[in-house]
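Structure, as structure tokens:
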Amino acid sequence: MKRTKARYRLGFPRLFTGHGQEKIAYEKRHTRITDAKGAVVFEQKNVEVPKSWSQLAGDIAVSKYFRRAGVPGKETSIRQVVKRITTTIHAQGQREGYFASAKDAEAFTEELTHLLLTQRGAFNSPVWFNVGLDRYGIRGSGGNFYVDKGKLHTTKDAYSHPQASACFIQSVEDDLMSLFELAKNEAKIFKYGSGTGTNFSRIRGAMETLSGGGLSSGLMSFLEVLDRGAGATKSGGTTRRAAKMVCLDMDHPEIEAFIEWKVREEKKVAALVAAGYDSDFNGEAYHTVSGQNSNNSVRLTDAFLRAVLDDKSWATTLRTTGKVHKKYRARELFRKVAQAAWQCADPGVQFHTTINRWHTCPASGAIRASNPCSEYMFLDDSACNLASLNLVKFLRPDGSFALEEFRHACRVFFLAQEILVGLSSYPTEKIAQHSHDYRPLGLGYANLGSLLMLLGLPYDSDAARAWCGAITAIMQGEAYALSAEMAALQGPFAGFKRNRAPMLQVVARHLAAVKKIPSSCPADLRAAAQASLSRALALGKKHGYRNAQATVLAPTGTIGLLMDCDTTGIEPEYALVKIKKLAGGGVLKIVNQSVPMALERLSYSEAERQSILQHLEDKLTIEDCLLLKPEHLAIFDCASPCGPNGKRVLAPMSHVRMMAAAQPFLSGAISKTVNLPEGSTVEEVENIYLESWKLGLKAVAVYRDGSKLSQPLQSAQGEEAIMPPCPHCGHKVERDGSCFRCLNCGHTLGCA
């Protein structure tokens, strides 16, 4: 008798839901957001919010993610919003046959619902914006193309196929129509709350001829056009500025002009402000100049960086003929990159050779670009949906890490993200097809800085880096293990067969990196990392993988606030005292809640804790408090000095070393800003870039305090440097790692 192969099915146990498990309490609140003058810019009364959520987290959900168009489409409860998303994913998962039984499908959906409502994790903003809108009959929530049962379909309404991905990478050719087609496709992506990146190195320079005669207008002229288009488009249609990345290879003939682009524009702003124009980032001075709507990055190869170290020459080449255009000393060109970043934080750097050394699909083409925040790096014309876990939520009261719960949460969110690939629509045929064929996902985490503080570990310590590496390795292992299980069920991604050997080599490299985690790593974490990645590799050899990529570390700007995270992504705490919004209106200066819990774990008495916290609230710094033991000071070090008299600050290289701890366990890269004090030098920027390359990072960006947003002119006038006001409500915007965040309305710039 012929045997039939049993079909693989995914079973899902319950850890958080069911009889006797954690229950969620709700309360009715009033969401009211005002501008800097007190005028109401948004208001909704009697909304149902989990009691454990802060006022700010609830306000973000209500003002950004509630559907207010149409009746009965008006949402009045966060429970409704979450149900809209999870029931839609549930239905799609059952339609595609992911679950072993209806019972497993129900368990998965209730577990995902609980994880979202208890702020243990969150999807990227487009999922909250767009998924499940067909339940309300709302149209136009996504792109024009989707893939169903292996076939590409076109829809003008994207009625039941929302845009769920936050991160896109698009290609562009050396052709006028291709450039303007890109402009159209960027607008589609911005419209539904997402960001996009492109490598423009194929575009000929201004010194090159056209086929019809005459000279090209050049790359920079088109970058200015695309920059204007992004500036005119608000992401999500309401509250988020369009986000885009512009990448350029170091051998492009206009590389020098590109490197210095934003430096030139900042000088124009300074002149306009001196002439009396408003220095506000959203004012006329900045609106007049170009280059303000993208993050810029240069792509550095190993060949270029070796030329820098060896003080050799570097040539730029014409795009049309391949002939040498100009020769530089590699060190001089590298110095220009560092000088520009020192002056205005752009360009960042992406290490092209390193990125492609860890590429799971090299047979399908090289990785040439990234999304706007540099964490998603994959093939051109592809998309990635993100989800991030709140690490602090997995820390038990006794200080132990809930490994089983964390691994379970990784699997729940990763399956949900996989299901979203088939549910989603995309702006172009190529992106739809590539997303279906490669299915790249970006599971990540937030609140690492707070977790380390709660554990009593200085951010700049081997012990902290050990925790970071192990947790990231566990996440990667669980994601790829589940991806292999899904491959057994649904088949591996379409591009796996021709990329089988290099992909297995990359997963094996992830596993091998576990041995390099510092010895201070807790034994259970190291064992879990080893076990998860070993299982991922073994299952991948047997079944292949459903997803070409699995993990990234995003900036988690808006969703970090949604989850009440004190710190974003992989970032340390930026300051120990922040301004938070009160439920009844108004604001209050409060201490980061990680501080009192950390003091309790460090065995300070209640009286001592209260005295230390009062000192921190009064002085905005903890370093001169006599009650705090000197050996504990480093635990509370931040990315910037705390208070007007604060002197302690994390060394810039501590940021780089933490990134290096996580990078070997990520499919993509890390959205991270290395914070530099105002007195830093260009040479220090160069050193950070070189050390980042040597330590194996894929990308890095720097921000020197006082280097942007008209601060140099203000310093010259003897005025206090300020951040720009929020473009949505006018309140103060604070820099937090890779993001600018408004703690009044939750508006973020440059964040997922």
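Positions are given from 1 along the sequence.
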Nearest 0.5 Å, what's the [atom1]-[atom2] distance between [X] and [Y]?
| X | Y | atom1 | atom2 | value |
| --- | --- | --- | --- | --- |
| S370 | I355 | OG | CD1 | 7.5 Å |
| Q549 | M503 | CD | CE | 8.5 Å |
| E173 | R202 | CD | CZ | 4.5 Å |
| I169 | L379 | CD1 | CG | 8.0 Å |
| K244 | S194 | NZ | OG | 15.0 Å |
| Q417 | I89 | CD | CD1 | 9.0 Å |

Would you check if there is a donor-acceptor pair between the side chains of [Y] and [X] at a distance under 3.5 Å?
| X | Y | result |
| --- | --- | --- |
| N185 | T428 | no |
| S424 | Q163 | no |
| S165 | Y426 | no |
| Q170 | T198 | no |
| N199 | D249 | yes |
| S294 | N296 | yes |
| N390 | Q119 | no |
| W261 | D346 | no |
| S382 | Y376 | yes |
| S290 | D227 | no |

How close do [X] and [Y] get, heavy atom to heavy atom, and via which atoms?
| X | Y | result |
| --- | --- | --- |
| A446 | T556 | CB-OG1, 3.6 Å |
| P162 | L423 | CD-O, 3.7 Å |
| K698 | A669 | CB-CB, 3.9 Å |
| V127 | A164 | CG2-O, 3.5 Å |
| Y480 | S667 | OH-OG, 3.2 Å |
| A432 | F145 | CB-CB, 3.8 Å |

Student check: side-chain heavy atoms of [X] and [Y] closer than 4.5 Å:
| X | Y | answer |
| --- | --- | --- |
| P555 | T568 | no |
| I367 | W358 | no |
| N124 | F129 | no |
| M475 | F665 | no |
| F414 | S483 | yes |
| K672 | V700 | no |
| Q350 | M245 | yes |
| M658 | Y459 | yes |

### Message
Checking V349 against W693 for the side-chain contact (heavy atoms from CB on, under 4.5 Å) test, could you report, in this order, the C-alpha distance in whole Å, the side-chain angles of both residues, the deciding distance, and whether it holds?
### Response
CA-CA 10 Å; V349 297; W693 169 56; over 6 Å; no

Kindly say whether [Y] contributes a backbone atom to a donor-acceptor pair with the side chain of [X] at under 3.5 angstrom?
| X | Y | result |
| --- | --- | --- |
| H352 | L300 | no |
| N371 | E375 | yes |
| E691 | V656 | no |
| S450 | N447 | no |
| E186 | G229 | no |
| N675 | Y703 | no |
| W128 | F123 | yes |
| N295 | P372 | yes |
| T472 | C468 | yes |
| S435 | I431 | yes |

### Task
Mind running side-chain contact (heavy atoms from CB on, under 4.5 Å) on L179 and V172 for me, showing each step along the way?
CA-CA 6 Å; L179 281 158; V172 66; 3.8 Å; yes

Inspect the contact between [Y] and [X] and indicate whether a charged nitrogen and a carboxylate oxygen are less than 4.0 angstrom apart.
| X | Y | value |
| --- | --- | --- |
| K430 | D380 | no |
| R704 | E678 | no |
| K262 | E265 | no |

### Task
Please identify each residue that fulfils side-chain contact (heavy atoms from CB on, under 4.5 Å) with C638, with sequence neighbours left out.
E573, L576, C642

### Task
Step by step, work out the side-chain contact (heavy atoms from CB on, under 4.5 Å) result for Q339 and V685.
CA-CA 8 Å; Q339 178 75 41; V685 176; over 6 Å; no

### Query
Once the angle between the rings of Y438 and F493 is folded into 0 to 90°, is it parallel (under 30°), tilted (30 to 60°) or perpendicular (over 60°)?
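Plane angle between 30° and 60°, so tilted.
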
### Message
Is the distance between the ring centroids of F222 and F200 under 6.0 Å?
### Response
no

### Task
Quick one: do L386 and L441 satisfy side-chain contact (heavy atoms from CB on, under 4.5 Å)? Show the steps, please.
CA-CA 7 Å; L386 311 177; L441 301 178; over 6 Å; no

#### Entry: From CA spacing to verdict: side chain to side chain donor-acceptor pair (under 3.5 Å), T567, Y574
CA-CA 8 Å; T567 62; Y574 192 74; over 6 Å; no

### Message
Apply salt bridge (Lys or Arg N to Asp or Glu O under 4.0 Å) to residues R357 and D302 and explain how you reach the verdict.
### Response
CA-CA 11 Å; R357 191 178 296 124; D302 280 5; 2.8 Å; yes

